[in-house]
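What follows is a short report on a single structure.
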Amino acid sequence: MNPKASVKTSQKDSRLAEAILHIIFITFSLACIMPIVLIVAISFSDEKQLTLQGYKFWPDKLDVSAYQYLFTNSTTLVKAYGVSLSVTIIGTIIAVLLIALYAYPIFRKDFPFKKAFNFYLLITMLFSGGLVPFYLLYVNFLELKDSFAALILPGLSNAFYIFITRTFFQQTIPEEMIESGKLDGASEWRIFFQLVLPISLPVLATVGLFTTLMYWNDWFNSMLFINDTDKYSLQYVMIQMIRQAEFFKNQLAGSGVALMVQEAVPTESLRMAMVVVSIGPILFVYPFFQKYFTKGLTIGAIKG
Amino acid sequence: MKHRVLLLMLLPTSLIFFVNCYIPMFGVFIAFKNINYIDGIMGSPWTGLDNFRFLFATSDAWRVTINTVSYNVAFIVSGLILSVAVAIAVNEVRAKLASRVYQTIMIMPNFLSMVVVSYIVYAFLHPEYGFLVKYILPLFGYSSVNAYMHPQAWPYILWITKMWHSVGIGSIIYVAAITGISEELYEAAKMDGASKWQQITRITIPLLTPVMVILTILNLGGIFRSDFGLFYHVTLDSGALRSTTDVIDTYVYRGLIQLNDLGMSSAANFYQSVVGFFLVIGANSLARKLNRDTALF
C-alpha cells in the first residue's frame, strides 16, 4: 500500500470514529436532558389528560393553569421562595468570603502556623461526630431550631473548597506580588482584598457556584431544624408535597374523594410546575458562572 | 505579633469548624449513655456497650451495613470506570464547540437536588401515570406496576439514578487532568507509531492514575456513608422498600427523628464514624505503599 492511500484510510477511520463519538454523546446528552423535559411537559399538561393518558413527553395541548394556580393561590410557595433565595444569597456571600480568608494564610509560605491550620481542616474531613451529636448541639445547646442560622451555619464549614482555593492561590499568585505589596507599605488586608482577590475570580466563582447550589438545593437542614411553616425552604415544601400526594392516594384510594381533590386542584401538573420553578434559578445562574467554572476547577483540581 | 492579621483571617472559619465539626466529635460519648430527657444529656446514666449490644442484636445492623457497603462499592467502581471513560471520550471529540456543549449538558443533572430527582424518578415510575409504567413496560407485557412496592427493583433504579446524577460532574475532574497532560507526549507517541488506543492506555490512563487513586481513597473513606437524599427521597421513604434501600444514614435519621431512640441512633452513628475513619487511613497507607506520590497525606 502506498503511503498516500494509508493516510486516506486512516482519515476515513478517524472520521468514522468521530461520528460514533458524536452519536454516543448526543445519546448521553439526551439521557441527561429528557428526564427534565418530561417534568416540564407534565407541568404544562392538562390535568384531565394526565389522569387519562399518564405522564408523557408530548402534551396534547398546552395548559398553564398549574402555573396560574401556583402564583395566585400559593402563599406558601412565595414565602418558601423568599426563604430559599435569602438563605442562598446570604449564605453564599459569607461562605465565599470565609473560604478565601482561610485559604489565604495557609497558602502563604511565610506563615509559620500554616501546617497546623492545614491539619485542623484535614481532621474534619477524616473524622466526624455524626448526625446525632450535631443535631443535639444545634437544637439543645445552641437552640437554633426554627432559625435561619440553622440553615446557613452548617454550610459554612467546607474544608474541600478551602483546599481547592488554596491550591488555586499556590498556582496563580506569585510570591513577588505579595512581597512588592508589602514593600509599598500595603497592609495585609489591602494585599488580600486589592491584589489577591481580584485575580482569584475564577476560583471564587467556581466555589461560589457550588455554594449557591448547595444552599439552594439544601433540604436536609430544613428537615432537621425547621417546624415553622413560614420558614420552610422551597426544597422542603416540595418534600412535603410529594409525600402528601402519596398520603392522599393511600388514604383515599377508591373512596371517590381522591377524584374530587384531583379535579378541584391541578395536583399532578402543579407539583411538576413547582419543580420547574425550583430549577429555574439554577439554569439562570449556571451560564453566568460557566466562563470561570472550567478554568477555576481545572487549575484547582490538578494537584487536588 | 507579626502574623496578627493572618491569624485574625483564620479566626471566624476556625470557630465555625470548631462548632460544626469538633464539638460533635466529642459528642460520640452519647453512644455510651442511656439518654433520658429528665436527667439531660450530661446527667443521663452511662450504660457501657448496651446500645451497641442492642444495635447488633437486631437484624437491622447487618442489613443496613450490607446495603450501605454494597451500594457504595457499586457506585465507586462503576462511577470511576464511567467517569474516566466519558472524560477520555469527550477529550477525543475534535469539534471543540460540540465538546463544550456535551460537557455542559452532562453536568446538569448534578445541579438538581435529590428532592427534584425524586420527582423525576416518580414521573417515570408513578404506578398509574408514570412514563415507564404507562408507555414502556406495556411493550414488554407488563401493566400497572407499582415500583414503590417492589424492593428487588431498587438496586437497579438507585444505581441508574446515581450514575445519571454523578457521572457527568465526576468526569469533569478527569477532563481537567487530561487537559493538564503535555501535548508533546502524544506527539512523541504518534511519531513512534502509537495508535489512538495505545496512546490512551499507555499515556492517558497512567497519568490519570494519581487522580483516580486520590478520589477513590476519598470515596473509600465514605463507604459507610451514603447519599442520604438518594436513599430517603428517591424511594419516598417507602417502608415496603427498606429491605433493599435502608442504609446506615437513613437508619440513624429515623432513629433520631422518627423513633427518638438517641442511644441506638448514636451507636449506629459511632460505628459509622469509626469504621469510616479506619477505612480512609487504611486506603491511604495502601496507596502510599503502591506509590508514595499518589497518597492523600
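In the text below, chain A, chain B and the rest are named by the order of the sequence lines, each starting its count at 1. These numbers come from a predicted model, not from an experiment. Heavy-atom basis, side chains included; hydrogens, waters and symmetry copies ignored.
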| query | Is it the backbone or the side chain of L112(B) that comes under 4.5 Å from a heavy atom of chain A, or both, or neither? | reply | both
| S84(A) side chain to S233(A) main-chain N or O, any donor-acceptor pair under 3.5 Å? | no
| task | Check whether Y135(A) gets within reach of chain B through its side chain, its backbone, both or neither, counting any heavy atom under 4.5 Å. | result | side chain
| chain B heavy atoms under 4.5 Å from L98(A): which part of the residue, side chain, backbone, both or neither? | both
| query | Which answer fits S278(A), side chain, backbone, both or neither, if we ask what part of it has an atom under 4.5 Å from a heavy atom of chain B? | reply | side chain
| note | Looking only at M114(B), H233(B), H165(B), most heavy-atom pairs under 4.5 Å shared with chain A are made by H233(B)
| message | Taking side chain as everything from C-beta outward and backbone as N, CA, C, O, which of these in V121(B) sits under 4.5 Å from a heavy atom of chain A? Side chain, backbone, both or neither. | response | neither
| said: Report which part of F117(A) has an atom under 4.5 Å of a heavy atom belonging to chain B: side chain, backbone, both, or neither. | reply: side chain
| Can you tell which of A17(A), A100(A), P154(A) has the highest number of heavy-atom pairs within less than 4.5 Å of chain B? | P154(A)
| message | For F29(B), which atoms come within 4.5 Å of any heavy atom of chain A: side chain, backbone, both, or neither? | response | neither
| said: Could you check whether N269(B) and Y251(B), counting side-chain N and O atoms only, form a donor-acceptor pair closer than 3.5 Å? | reply: no
| query | Is chain B contacted by the side chain of I239(A), its backbone, both, or neither, given a heavy-atom distance below 4.5 Å? | reply | both
| said: Quick check on V86(B) against chain A: is it the side chain, the backbone, both or neither that has a heavy atom closer than 4.5 Å? | reply: both
| query | Do you know which of P109(B), A31(B), A98(B), G130(B) has the most heavy-atom pairs with chain A at a distance under 4.5 angstrom? | reply | P109(B)
| Structural part of M214(A) lying under 4.5 Å from a heavy atom of chain B | neither
| query | Which region of L38(A), side chain (C-beta onward) or backbone (N, CA, C, O), has a non-hydrogen atom less than 4.5 Å from a non-hydrogen atom of chain B, or is it both or neither? | reply | side chain
| field | Residue part contacting chain B, namely of A159(A), when any heavy atom lies under 4.5 Å | value | both
| task | Looking only at non-hydrogen atoms, find the nearest pair between L153(A) and N20(B) and report the distance. | result | O-ND2, 3.0 Å
| note | Okay, L256(B) and chain A: the region with an atom under 4.5 Å from a heavy atom over there is side chain
| query | Taking every heavy-atom pair that is under 4.5 Å apart, which of G130(A), S187(A), P105(A) has the most such pairs with chain B? | reply | P105(A)
| query | Where on D218(A) is there a heavy atom nearer than 4.5 Å to chain B: the side chain, the backbone, both, or neither? | reply | neither
| field | Top contributor to chain A contacts, counting heavy-atom pairs under 4.5 Å, from V28(B), V19(B), V116(B) | value | V116(B)
| note | Applying a strict 4.5 Å limit to non-hydrogen atoms, the region of I123(A) in contact with chain B is both
| said: So which residue, V93(B), V274(B), V252(B), ends up with the most heavy-atom pairs under 4.5 Å with chain A? | reply: V93(B)
| remark: Of A123(B), G168(B), P12(B), the largest count of non-hydrogen pairs under 4.5 angstrom with chain A goes to A123(B)
| task | Could you look at I24(A) and say if it's the side chain, the backbone, both or neither that has a heavy atom under 4.5 Å from chain B? | result | neither
| query | Between F25(A) and chain B, which part of the residue has a heavy atom less than 4.5 Å away: side chain, backbone, both or neither? | reply | both
| Gap separating the CG atom of L209(A) from the CH2 atom of W216(A), nearest 0.5 angstrom | 14.0 Å
| query | Side chain, backbone, both or neither: which part of F17(B) has an atom under 4.5 Å from a heavy atom of chain A? | reply | both
| task | Rounded to the nearest 0.5 Å, what's the gap from CG on L125(B) to OG on S118(B)? Could you check? | result | 11.5 Å
| query | Out of F277(B), F270(B), Y271(B), which one pairs with F224(B) under the ring-ring contact (aromatic ring centres under 6.0 Å, His included) rule? | reply | Y271(B)
| note | Interatomic distance, CZ@R108(A) vs NE2@H3(B), rounded to 0.5 Å, equals 8.0 Å
| said: Tell me the closest heavy-atom pair linking R166(A) and N118(A), and the distance in Å. | reply: NH1-OD1, 3.0 Å
| Contact winner vs chain B - Y236(A), Y120(A), F220(A), F127(A), heavy-atom pairs under 4.5 Å | Y120(A)
| query | To the nearest 0.5 Å, how far apart are OH in Y119(B) and NE2 in H126(B)? | reply | 11.5 Å
| chain B contacts, top residue of L131(A), L52(A), I282(A) (heavy-atom pairs, under 4.5 Å) | L131(A)
| field | Between M125(A), M274(A), M272(A), the one whose heavy-atom pairs under 4.5 Å with chain B are most numerous | value | M272(A)
| query | To the nearest 0.5 Å, how far apart are CD1 in I23(B) and CZ in F141(A)? | reply | 9.5 Å
| What part of L156(A) is in contact with chain B, defined as an atom under 4.5 angstrom from a non-hydrogen atom: side chain, backbone, both or neither? | both
| So which of S266(B), S238(B), A95(B) has the largest heavy-atom pair count under 4.5 angstrom toward chain A? | S266(B)
| request: Pick one of side chain, backbone, both or neither for E18(A), based on which atoms fall under 4.5 Å of a heavy atom in chain B. | output: side chain
| message | Heavy-atom pairs under 4.5 Å with chain B - which of P133(A), A31(A), A103(A) has more of them than the others? | response | P133(A)
| Q53(A) side chain reached by S45(A) side chain, heavy atoms, under 4.5 Å | no
